[in-house]
Amino acid sequence: SDYYQFSDLLSLEEQALRLKVRECVERDVAPIMTKYWEKAEFPFEVVPKLGALNIAGGTIKGYGCPGLSVTANALATAEIARVDASCSTFILVHSSLAMLTISLCGSEVQKQKYLPSLAKLDTIACWGLTEPDYGSDASGLRTTATKVEGGWVIEGQKRWIGNSTFADVLVIFAKNKDTNQINGFIVKKNASGLQATKIENKIGLRMVQNGDILLQNVFVPDEDRLPGVNSFQDTSKVLAVSRVMVAWQPIGITMGVYDMCHRYLQERKQFGAPLAAFQINQQKLVQMLANVQAMFLMGWRLCKLYESGKMTPGQASLGKSWITLRARETVALGRELLGGNGIISDFLVAKAFNDLEPIYTYEGTYDINTLVTGREITGIASFKPVA
Ligand code: FAD
């Protein structure tokens with residue numbers, strides 16, 4: 001999958017991190033992932049292994065976080081996704097959504113209090129924006145925060161929140177009843193009135209524990225209100241950045257799928273010849289390879305724009321949407337190439353095929369990200385139907 005020699009684009013540190021993560025996930029995650037995926041259980045045994053990689057917290061500097069370059073963080077994401085997308089989603093929700101929000105929008109005291117143990121994966125975080133009736137239209141969310149003596153009372157519901165069934169720290173967004181603006185809060189696992197129930201029967205990312213959260217009269221002390229979240233725009237700032245990392249999941253997934261298909265076509269024979277000998281199969285494989293090269297280069301350029309402070313939200317959205325679309329196409333070709341084995345989860349491809357579906361939808365669906373880019377290049381927002 002490294003046909004255009006991407007390594008030449010990477011620093012020695014980035015190459016070393018990429019190798020370290022690849023070795024870890026191939027050794028510690030690959031042998032067990034299908035078992036957990038089938039059972040839709042989270043592989044807690046993997047958490048200390050991922051913690052030892054020292055990648056949680058990604059680009060955050062200080063507070064025990066690794067302070068990686070954006071590119072290094074992206075490569076680590078891709079390497080995990082190359083072997084298992086659920087594990088990469090787990091770390092992205094924890095690191096690129098929850099930790100990043102605390103880092104960008106938290107007070108100094110909050111950063112010192114929460115980030116060090118989150119960086120070691122000694123504690124786990126989740127990030128709750130979406131609600132049952134407010135998905136793409138997240139800015140309309142209905143969960144409320146009411147000011148009371150010494151803190152806030154949160155009332156409402158959240159849906160789809162990854163890691164929420166076991167998270168120690170829940171970053172929750174709610175509408176301030178006085179200002180009608182969105183605020184952010186750190187809710188702790190054992191808060192009275194908090195309940196998270198696992199969403200069952202997912203067809204993709206089955207190891208990720210997505211939950212429905214019920215917040216009934218949950219008290220959050222003043223010290224756990226995130227001072228930097230004062231409007232929906234503040235959540236969008238986090239999303240624009242985390243979308244770059246999410247774009248690297250499909251890159252990793254398709255690299256793994258391409259490599260697997262390449263091997264499979266050499267090994268399996270039909271009509272007395274390896275599957276790789278048939279022109280139609282070669283055409284599919286080449287199309288997959290071309291997609292992987294283009295996806296990587298777009299993702300890499302996005303990282304460079306981000307690192308130089310020039311990346312716009314529209315660019316991040318285009319990266320997430322276009323790369324995920326290409327990945328869906330690529331993995332579907334891989335599924336065809338494996339014939340019947342392409343629908344069995346023991347083979348990487350069927351699992352990847354399913355795992356891409358939620359990735360196509362979360363962090364802004366393909367359509368919503370397209371509209372974010374569309375607004376940026378035309379100056380016209382077209383999210384709401386014109387009456
Ligand atoms: P809807 O908003 O109901 O959209 C349905 C369809 O309508 C989509 O095709 C959409 O593109 C289209 N659509 C909607 N509005 C428009 C429009 N204006 N113009 C054109 N088309 C439109 N959220 C969190 O807060 N935290 C998490 O950790 C988290 N993890 C997730 C993990 C998984 C596995 C999944 C599936 C979701 C997760 N989400 C999370 C929620 C995710 O961000 C939402 O599912 C997503 O924003 C889409 O919302 P929805 O599912 O309600 O779809």
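Just so you know, these numbers come straight off a predicted model, no measurement behind them. Counting convention: from 1, in listed order, for ligands and their atoms alike. We count residues from 1, following the sequence as given.
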* With under 30° as parallel and over 60° as perpendicular, where do the rings of F42 and F90 fit, or are they tilted in between? -> tilted
* To do: If you link ILVMFWY side chains whenever their heavy atoms are less than 4.5 Å apart, which other residues fall into the same cluster as W160? By chain and number, please.
  => I199
* To do: Please list, chain by chain and in numerical order, all residues satisfying salt bridge (charged side-chain N to carboxylate O under 4.0 Å, His left out) with E357, sequence neighbours excluded.
  => R328
* Asked: If you round to the nearest 0.5 Å, how far is OG1 of T130 from CD of E363?
  -> 9.5 Å
Write none if no such pair exists; otherwise list each N/O atom of ligand 1 with its protein N/O partner under 3.5 Å and the distance.
{"residue": "ligand 1", "atom": "2 (O)", "partner": "S136", "partner atom": "N", "Å": "2.9"}
{"residue": "ligand 1", "atom": "2 (O)", "partner": "S136", "partner atom": "OG", "Å": "2.6"}
{"residue": "ligand 1", "atom": "9 (O)", "partner": "D367", "partner atom": "OD2", "Å": "3.3"}
{"residue": "ligand 1", "atom": "11 (O)", "partner": "T365", "partner atom": "OG1", "Å": "2.7"}
{"residue": "ligand 1", "atom": "11 (O)", "partner": "D367", "partner atom": "OD2", "Å": "2.6"}
{"residue": "ligand 1", "atom": "18 (N)", "partner": "F383", "partner atom": "O", "Å": "2.7"}
{"residue": "ligand 1", "atom": "23 (N)", "partner": "T130", "partner atom": "OG1", "Å": "2.7"}
{"residue": "ligand 1", "atom": "25 (O)", "partner": "L129", "partner atom": "N", "Å": "2.9"}
{"residue": "ligand 1", "atom": "25 (O)", "partner": "T130", "partner atom": "N", "Å": "2.9"}
{"residue": "ligand 1", "atom": "25 (O)", "partner": "T130", "partner atom": "OG1", "Å": "3.2"}
{"residue": "ligand 1", "atom": "26 (N)", "partner": "W127", "partner atom": "O", "Å": "2.9"}
{"residue": "ligand 1", "atom": "28 (O)", "partner": "G162", "partner atom": "N", "Å": "3.0"}
{"residue": "ligand 1", "atom": "30 (N)", "partner": "W160", "partner atom": "O", "Å": "3.0"}
{"residue": "ligand 1", "atom": "49 (O)", "partner": "S136", "partner atom": "N", "Å": "3.4"}

* Do any pairs count as a ring pair (Phe, Tyr, Trp, His ring centres under 6.0 Å) and have a residue in residues 91-129, sequence neighbours left out, and if so which ones? -> W127-F173
* Asked: Would you call the rings of F6 and F296 parallel, tilted or perpendicular if under 30° counts as parallel and over 60° as perpendicular?
  -> parallel
